[in-house]
Amino acid sequence: MYALVDGNNFYVSCERVFRPSLNGRPVVVLSNNDGCAIARSNEAKALGIKMGAPWFQIRHMEETHGLVALSANFTLYGDMSNRMMSLAAGLGPSQEIYSIDESFIGLQGMRGDLTTRSHAIRARIHQWAGIPCGIGIGHTKTLAKLANHIAKTAERKPGSYPAELAQVCNLTALPAQDLDDVLASTLVEEVWGVGRKIGAQLHQCGVHTVLDLARLDPAMVRRRWSVVLERTVRELQGMQCIELDDAPEPKREIACTRSFGQAVTELPPLVEAVSEFASRAAEKLRKQGSLASQLLVFCHTSPFRPGPRFNKSVVVPLRRPTADTGKLVWAAAAGMRRVYEPGYKMAKAGVMLLDLMPGNVLQGELDLEDEDHRDRTQLMVALDALNQRYGKGTVHSGATGGSNKGKDWGMKQERRTPQYTTRWEDVPVARA
DNA sequence: TCTGGGGTCCTAGGACCC
DNA sequence: TCTGGGGTCCTAGGACCC
């Protein structure tokens, strides 16, 4: 049995802890470069503001509806998250931190009334961390997720579900008929693992509610869709297919990408940008104790704007797996010089570290013939510690070309490796 | 004018080998 | 020489998550 503890409107709730005057008002938190809304208060949701809505499309509500917009402060949210997570951990014997605002709690072996206990934990998180939460309980992670959705919706939209399910929804304590009623009044796309595409396909097949989905034959679902959706169906039926992952593996790839506030056409600022990205990515890489074997660099024009399109990337092989900022920055800069073509308004660029393997920077590189290398890697570990303690950008390795503090890079969507990736050897050198 | 930034898993198909 | 089956590895792309 699992619980899912999830902070409501998390970024907005974090801001409200320090600015109580925002309570009761429509508030959004905006992404990098104030591009679009990545968190919305209940009041903002009630205004019809969608997740990811571009700021320029909703800003008129500042005047018409008193909408308040805040620039994101991710350092603050990370701090608040840590507090919330350690309090949530009190609910059961194991915990998987799933995202900045959500954690699954394993409830195996717990005695007593879990609903009452959850209400108590919820009150404690609100009182000590200042964050309002919803808690959902189910026999599987998928059901716990669904329960959490019901707990939050019942609170936000009275009448949508029985009032006693608000804030804490324990599906395992519901009589069978009540459970069916709840599942029948929830649409399939609310299920964890069902997105827009598959949701639409399900509706076409007459599968509209979660109850409809839960009653499908798993074997048929596997044939018609995939093993992934089959697993979801089984989980809805109460069979555990997804385990609690309380000791996650290190990341298999690490990315740092940004959209630019204003389009960039020249090579030097692009090289500077990806150098900074590589430096950030190298920090993440060392933090998880990995080395990278390949580095991918890309840049592209805006998909939203007219004009000539450009979208290219290159994979730069690294001679040896490394976590050395200097080497990664060099590779990123070299890669950008290769992909760059003049005459385009670049909207976004990024760096991805690929083909990661475990390896301590120091121990992993001791056998290098490079004499300075050991000293440099030791220095980098020291710099990482300082930056972590005193904030990003406190000190830089000389290789990264100095501070980019205050630079405003914007944002845009990029989910997968760019399409036109070429091999390093096949790319002609750009004219600089 | 102005439109996130990260990640994961699964599958299909090609290359290569025996 | 010709033909074929089967396994493995890799990559690209689709779908999903927050």
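All heavy atoms count here, side chains included; hydrogens, waters and symmetry mates do not. Just so it is clear, the structure is predicted and the values come from calculations on it, not from any experiment. Chain naming here is simple, since letters A, B, ... match the order of the sequence lines and numbering starts at 1 in each.
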- Query: Taking atom P of dG6(B) as reference, at what distance in whole Å does atom CG of Leu285(A) sit?
  - Reply: 14 Å
- Could you label the plane-to-plane angle of the Tyr11(A) and Phe74(A) rings as parallel, tilted or perpendicular, counting under 30° as parallel and over 60° as perpendicular? perpendicular
- What is the nucleic acid contact for Val191(A), judged by heavy atoms within less than 4.0 Å: base, sugar-phosphate only, or nothing? sugar-phosphate
- Task: Give the rounded distance in Å between these two atoms: NZ of Lys141(A) and P of dC9(B).
- Result: 11 Å
- Message: At a heavy-atom distance below 4.0 Å, what parts of residues 228-243 of chain A sit against DNA chain B?
- Response: Val228(A), Arg231(A)
- Message: Between Arg231(A) and Glu235(A), does any NZ, NE, NH1 or NH2 come within less than 4.0 Å of an OD or OE carboxylate oxygen?
- Response: no
- Task: For Arg59(A), answer base if it contacts any base atom (sugar-phosphate contacts may also be present), sugar-phosphate if it contacts only those atoms, and nothing otherwise; contact means non-hydrogen atoms under 4.0 Å.
- Result: nothing
- Message: Heavy-atom nearest nucleotide on DNA chain B for Cys256(A) versus Ser226(A): which residue maps closer to 5'?
- Response: Cys256(A)
- Item | Candidate nucleotides dT8(B), dT3(B), dG6(B), ranked by approach to the side chain of Phe56(A) - the nearest | dT3(B)
- Note on the structure: All stems that DNA chain B takes part in, i.e. 3 or more consecutive Watson-Crick or G-U pairs with distances under 3.5 Å, are B:5-18 with C:5-18
- Select base, sugar-phosphate, or nothing to describe what Ile254(A) touches, counting heavy atoms under 4.0 Å on all strands. sugar-phosphate
- Message: How many whole angstroms separate atom CG of Leu354(A) from atom P of dG6(B)?
- Response: 14 Å
- In a check of side chain to side chain contact (heavy atoms under 4.5 Å, CB included) between Thr186(A) and each of Thr209(A), Thr153(A), Leu146(A), which one passes? Leu146(A)
- Applying salt bridge (charged side-chain N to carboxylate O under 4.0 Å, His left out), which residue pairs with at least one partner in residues 59-84 of chain A are found, sequence neighbours left out? none
- Query: When all nucleic acid strands are considered with a 4.0 Å heavy-atom cut-off, which category describes Ile198(A): base, sugar-phosphate, or nothing?
  - Reply: sugar-phosphate
- Closest approach of Val316(A) and Ala331(A), non-hydrogen atoms and distance? CG2-O, 3.8 Å
- Message: Heavy-atom nearest nucleotide on DNA chain B for Lys251(A) versus Trp55(A): which residue maps closer to 5'?
- Response: Trp55(A)
- Taking OH from Tyr98(A) and P from dG7(B), how many angstroms apart are they, rounded to a whole number? 14 Å
- Message: OP1 or OP2 of dG6(B) versus the side-chain N and O atoms of Thr257(A): is any pair under 4.0 Å?
- Response: yes
- Please determine, for the side chain of Val227(A), which listed nucleotide (dT11(B), dG6(B), dG5(B)) has the closest atom? dT11(B)
- Query: Rounding to a whole Å, what distance do you find between Ile38(A):CD1 and dG5(B):P?
  - Reply: 10 Å
- Message: Between the side chains of Glu276(A) and Arg258(A), is the shortest nitrogen-to-carboxylate-oxygen separation below 4.0 Å, so that they form an ion pair?
- Response: no
- State whether the number of non-hydrogen atoms from other residues, nucleotides or ligands found under 6.0 Å of Gln57(A) atom CD is greater than 12. yes
- Taking only the side-chain heavy atoms of Arg252(A) (C-beta and beyond), determine which of dT3(B), dG5(B), dC9(B) contains the nearest atom. dC9(B)
- Item | N or O in side chain of Ser31(A) less than 4.0 angstrom from dG5(B) OP1/OP2 | no
- To the nearest Å, give me how far apart CD (Glu96(A)) and C1' (dG7(B)) are. 14 Å
- Should we count CE of Met357(A) as having more than 12 external heavy atoms under 6.0 Å? yes
- Item | Between C1' of dC17(C) and NZ of Lys197(A), the distance in whole Å | 17 Å
- Give Lys145(A) one of three labels, base, sugar-phosphate or nothing, depending on what nucleic acid heavy atoms sit under 4.0 Å from its own. sugar-phosphate
- Task: Give a yes or no on this: more than 12 heavy atoms of other residues, nucleotides or ligands lie within 6.0 Å of atom CZ of Arg224(A).
- Result: yes
- Do the charged groups of Arg16(A) and Glu43(A) touch, with an N to O distance under 4.0 Å? yes
- Query: Atom CG of Asp355(A) to atom P of dC10(C): distance rounded to whole Å?
  - Reply: 9 Å
